[in-house]
Amino acid sequence: MTTISNSTIDVSERLMELRQKIRDDDYVNYAVQRIAQVLSRRLVEENERVYVRGKNESK
């Protein structure tokens, strides 16, 4: 008799859920847009941090 652990079932259910999501164009479009927003915000924050640091070093 084969025993399947709960963690294996949880992983399988999660994989099935993710497979359904990646087939949904609206979900994928939103995910890509969200990733772009987060990356853009981080780039701006990093740029501001470098600018402020450079400005303080020149004094």
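Here the structure is a predicted model, which means the values were calculated and not measured.
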Item to complete: Any chance you could measure Leu15, atom CG, to Arg19, atom CZ, to the nearest 0.5 Å?
Response: 5.5 Å
Discussion item. Any non-hydrogen side-chain atom of Val50 less than 4.5 Å from a side-chain atom of Glu46?
Written reply: yes
Worksheet item: Closest approach of Val28 and Ile22, non-hydrogen atoms and distance?
Response: CG2-O, 3.5 Å
Fill in: Distance, nearest 0.5 Å, that separates OH of Tyr30 from CG of Asp24
13.0 Å
Discussion item. Whether the side chain of Asn29 engages the backbone of Asp25 through a donor-acceptor N/O pair (distance < 3.5 Å, no angle test) should be reported.
Written reply: yes
Practice prompt. Take Gln33 and Gln37, measure what side-chain contact (heavy atoms from CB on, under 4.5 Å) needs, and give me the verdict at the end.
Written response: CA-CA 6 Å; Gln33 182 179 22; Gln37 288 172 340; 4.1 Å; yes
Worksheet item: Does CZ in Arg41 sit with more than 12 non-hydrogen atoms of other residues, nucleotides or ligands closer than 6.0 Å?
Response: yes
Fill in: Non-hydrogen side-chain atoms of Val44 and Glu48 separated by less than 4.5 Å
yes
Practice prompt. For the pair Arg42 and Glu45, find out whether any cationic side-chain nitrogen is under 4.0 Å from an anionic carboxylate oxygen.
Written response: no
